[in-house]
Amino acid sequence: MDAQDYIDRVRRSLESRNEVMRELYENKQLRSNCHKYVLSNSGTKEDADTLHAESIISFIQACYRPDFNIRTTLENYLFGVTRNLWLSTLRKRKKDNPTDNLPDIEDPQNPEILLISTEKRAILYEILGKLDDKCREVLILWAQNLKMKSIATEMNYSSPEVVRKKKHFCLKRLIELIDDHPPYRAALKGDL
Amino acid sequence: MDYYDQIAAYKSGRLSDAERGAFERAMSADPDLTEAVEKYQILEPFVDLLAEEGIRAEMQKIIDEESSASVAKPARNARTRRMMLWRIAGAAAALALLLGYFFLKPPAAKSDQVLFAEYYDHYTGKSTPRKGGTQGTLDTVTVSAAEATYIEAHRLLDPQQSPGPQRARELLQQIENPESDLRRDEIEWHIAISYLLEGDRARTIDLLENLVANPEQRYLDKATRFLKELKESN
C-alpha cells in the first residue's frame, strides 16, 4: 500500500479523505493484522475492532501535519500505531486494576499517541462544552478545511458570507471562553 | 480568506511556496496578523481537537453502516435457511425412521484438552528453510535461531507444562522471521489453539475466525473444520 498516495488523497479534499477512511476500515488484511495482534495479547474482539478504527483515525490526523511522511508501507505504519495504542491501553488497564493478570509492558514511545494527552483533552473539552452547538458544528467543519461554500450547504446557511461571519463570531467566542479559563492559560505555559 | 483561514492554511501546509513566502513576509509587516498568529497558537489545540471530532464522526458513520449491513445479512440467511429446512424436513423424517432414530445418541461433548490434542500438529522439522539468519544448535542438529525458538514453543505446548501455553505463545510471537511461510502459518495456528489448554475456548474461536479470513492461510480448511466443531459443541 503506497503510503504517500493515501496521504495525498487525505489532504486533497474532505470527500477524498472520507473515501480513504472507508477503504482502510474495510481492508481485510489491515483488520486481520490488527485482530491477530490484539487477540494474541489479552484483547477481545471488541478491543481489536476499536483499535482498528483508532489506528485509522490516528493516521488521518497525522496526514494534516505538513511534515508528515511515512518511510515504510502504510500497512506497517498502521500496525505500529495499533501496537502502541494497544500497549498504552494495557498499561492503563494494569494501572487501574493492578490485580489483573496482564503482561508487564514498557512505555510506548510512538509520538503519534502523545498528540493530545488525557489531561489536556479534558480541559479542552471543558472549554469547548461552553460553545453552543451551532458554533461547535461550524468550527468542526472549518477545522477540517471545508470551504465556506461547503459549510453553508452542509448547515443550510444562505451563503458562504453568512458562514464566514458565523465562524468569525464563534472563534471570538472561543477566545473569550479561553480567557475566562485561567487554569488553561496556566497549563499552556507548562505545556500539558 | 480572513487571518485565521490564512494561518490555518499556513500551519497545515496548504499554501503554495509563493503564498507561504508572502505570508511569512506579511507576518513581520502586519501587526494585526502578528496578533492573530499569537491568538491562533492558543486556539490551535482546540482546532486540532475539533478536526479530530469531525474525523471520529465520519469513522462512526462508517462503522454504523457496516453494522447495519451485517445485521441485515443474517436475517436474509435465516429466511433462506428456514425455506430449505421445510423442504428437506419431510425427507429427513423418513430417513430418521429408517435409521432407527431412537438408537442414535449425540456424541459426548469433547473437552478443550481433547480438542487441542486432536488438532495439534506435532513438530516434524519439515519446512523449506529461508536463506540467511543466525544459527543456533539444538542437540547435534544445527537450526536457525527462529527454528530453535519454534521447537521450544512446541515443547511448551504440552498440557503437563506450566505455564506452558502462555510461554509458548510469547516465544511464537517473538519469531519475526520464521524459517518459511509454512512456519508463519503454523505459528498463527498454534497461537490460536494454545488458548484451549487454558480453557479459553472463546479466544481460540476469535483467533480462528481471524485466521480463516485469510484465503491463503495453509490452515484454512483445518481451521474451518475446527471452528465448526468448536461452535457446535459450545
Side-chain angles (χ1 to χ4, degrees), chain A residues 11 14 17-18 21-22 25-26 28-29 31-37 39-45 48-49 53-54 56-57 60-61 64-68 103 115-116 120-121 123-125 127-128 131 136 139-146 148 164 167-168 171 174-175 178-179 184-185 188 192, chain B residues 1-5 8-15 20 36 39-63 65-67 166 169-170 172-173 187-188 191-192 194-195 202-217:
Chain A
R11 290 172 175 168
L14 203 63
R17 179 204 77 180
N18 293 345
M21 286 178 70
R22 188 176 296 275
Y25 186 75
E26 292 174 355
K28 286 183 179 162
Q29 186 60 53
R31 189 179 291 211
S32 171
N33 291 348
C34 177
H35 274 64
K36 210 186 300 187
Y37 179 75
L39 290 170
S40 304
N41 286 281
S42 315
T44 62
K45 223 175 187 178
D49 283 339
E54 288 292 332
I56 295 168
I57 289 169
I60 299 294
Q61 283 179 275
Y64 288 113
R65 297 205 306 269
D67 56 344
F68 178 64
L115 278 174
I116 303 182
K120 187 175 184 177
R121 190 181 287 268
I123 296 178
L124 298 178
Y125 271 124
I127 298 171
L128 282 173
L131 270 180
R136 202 180 171 115
L139 292 182
I140 285 174
L141 293 173
W142 175 73
Q144 296 177 84
N145 306 327
L146 216 59
M148 296 296 132
R164 191 165 285 114
K167 182 211 80 188
H168 180 79
L171 283 175
L174 184 53
I175 291 171
I178 293 168
D179 283 341
Y184 176 68
R185 284 198 169 263
L188 264 187
L192 287 168
Chain B
M1 231 195 237
D2 66 22
Y3 281 153
Y4 288 135
D5 286 347
Y10 174 73
K11 290 268 183 183
S12 62
R14 283 179 285 129
L15 297 181
R20 197 163 50 247
K39 279 193 178 146
Y40 191 84
Q41 276 171 354
I42 299 167
L43 284 171
E44 199 168 4
F46 294 90
V47 176
D48 288 343
L49 194 61
L50 288 162
E52 185 187 325
E53 269 197 43
I55 295 167
R56 287 186 179 279
E58 180 61 27
M59 179 56 79
Q60 191 59 54
K61 200 171 126 194
I62 294 168
I63 292 170
E65 281 170 11
E66 196 196 54
S67 296
Q166 189 178 331
R169 277 196 300 277
E170 283 168 13
L172 290 171
Q173 283 160 2
I187 286 168
E188 188 179 359
I191 287 176
S194 69
Y195 282 99
R203 194 172 296 275
T204 293
I205 290 174
D206 283 346
L207 284 165
L208 288 178
E209 280 177 340
N210 195 54
L211 188 154
V212 302
N214 177 4
E216 291 172 17
Q217 234 285 2

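The basis for the numbers below is simple: all heavy atoms, side chains too, and nothing from hydrogens, waters or symmetry mates. Every chain is numbered from 1, with letters handed out A, B, ... down the list of sequences.
Contact count against chain A (heavy-atom pairs under 4.5 Å) is highest for Glu188(B) among Lys39(B), Glu188(B), Lys11(B). For chain A, the option among Ala51(B), Ala202(B), Ala192(B), Ala57(B) with the highest count of heavy-atom pairs below 4.5 Å is Ala51(B). Counting heavy-atom pairs closer than 4.5 Å to chain A, the top-ranked of the candidates Arg56(B), Glu65(B), Glu209(B), Gln60(B) is Arg56(B). Of the listed residues (Val47(B), Ile63(B), Asn214(B)), the one with the most heavy-atom contacts under 4.5 Å to chain A is Ile63(B). Listed options Tyr37(A), Tyr64(A), Tyr125(A) were ranked by heavy-atom pairs under 4.5 angstrom with chain B; first place goes to Tyr125(A). Most heavy-atom pairs under 4.5 Å with chain A: of the set Ala213(B), Gly54(B), Ser194(B), this distinction falls to Gly54(B). Interface summary for chain B: among Leu174(A), Asp67(A), Leu146(A), Asp49(A), the most heavy-atom pairs under 4.5 angstrom belong to Leu174(A).
Heavy atoms of Tyr40(B) lying under 4.5 Å from chain A belong exclusively to its side chain. Within the 4.5 angstrom heavy-atom criterion, only side-chain atoms of Arg17(A), from C-beta onward, approach chain B. For Gln29(A), no part sits under 4.5 Å from any heavy atom of chain B, backbone or side chain.
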Practice prompt. Run the numbers on Lys167(A) and Asp5(B) for side-chain contact (heavy atoms from CB on, under 4.5 Å), then give the verdict.
Written response: CA-CA 10 Å; Lys167(A) 182 211 80 188; Asp5(B) 286 347; 2.9 Å; yes

Practice prompt. Carefully, step by step, assess Ile178(A) and Phe46(B) under the rule side-chain contact (heavy atoms from CB on, under 4.5 Å).
Written response: CA-CA 10 Å; Ile178(A) 293 168; Phe46(B) 294 90; 3.4 Å; yes

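Closest approach of Ile55(B) to Gln144(A), counting heavy atoms only: N-OE1, 3.8 Å. Nearest heavy atom pair, residue Thr44(A) against residue Arg203(B), reads N-NH1, 4.4 Å. Here the closest heavy-atom approach between residue Tyr195(B) and residue Leu39(A) is recorded as OH-O, 3.6 Å. Trp142(A) and Tyr4(B) get closest at one heavy-atom pair: CZ2-O, 3.8 Å. In this structure, Ser40(A) and Ile191(B) approach most closely via the heavy-atom pair OG-CG2, 3.6 Å.
To the nearest 0.5 Å, atoms CD (Gln61(A)) and CG (Leu49(B)) are separated by 8.5 Å. Here the straight-line distance linking atom OH of Tyr25(A) with atom CD of Glu58(B) works out to 12.5 Å at 0.5 Å rounding. Considering NZ of Lys36(A) and CG of Asn210(B), their distance stands at 7.0 Å, rounded to 0.5 Å.
The only option from Leu141(A), Leu124(A), Ile140(A), Leu131(A) that meets the side chain to side chain contact (heavy atoms under 4.5 Å, CB included) definition with Leu50(B) turns out to be Ile140(A).
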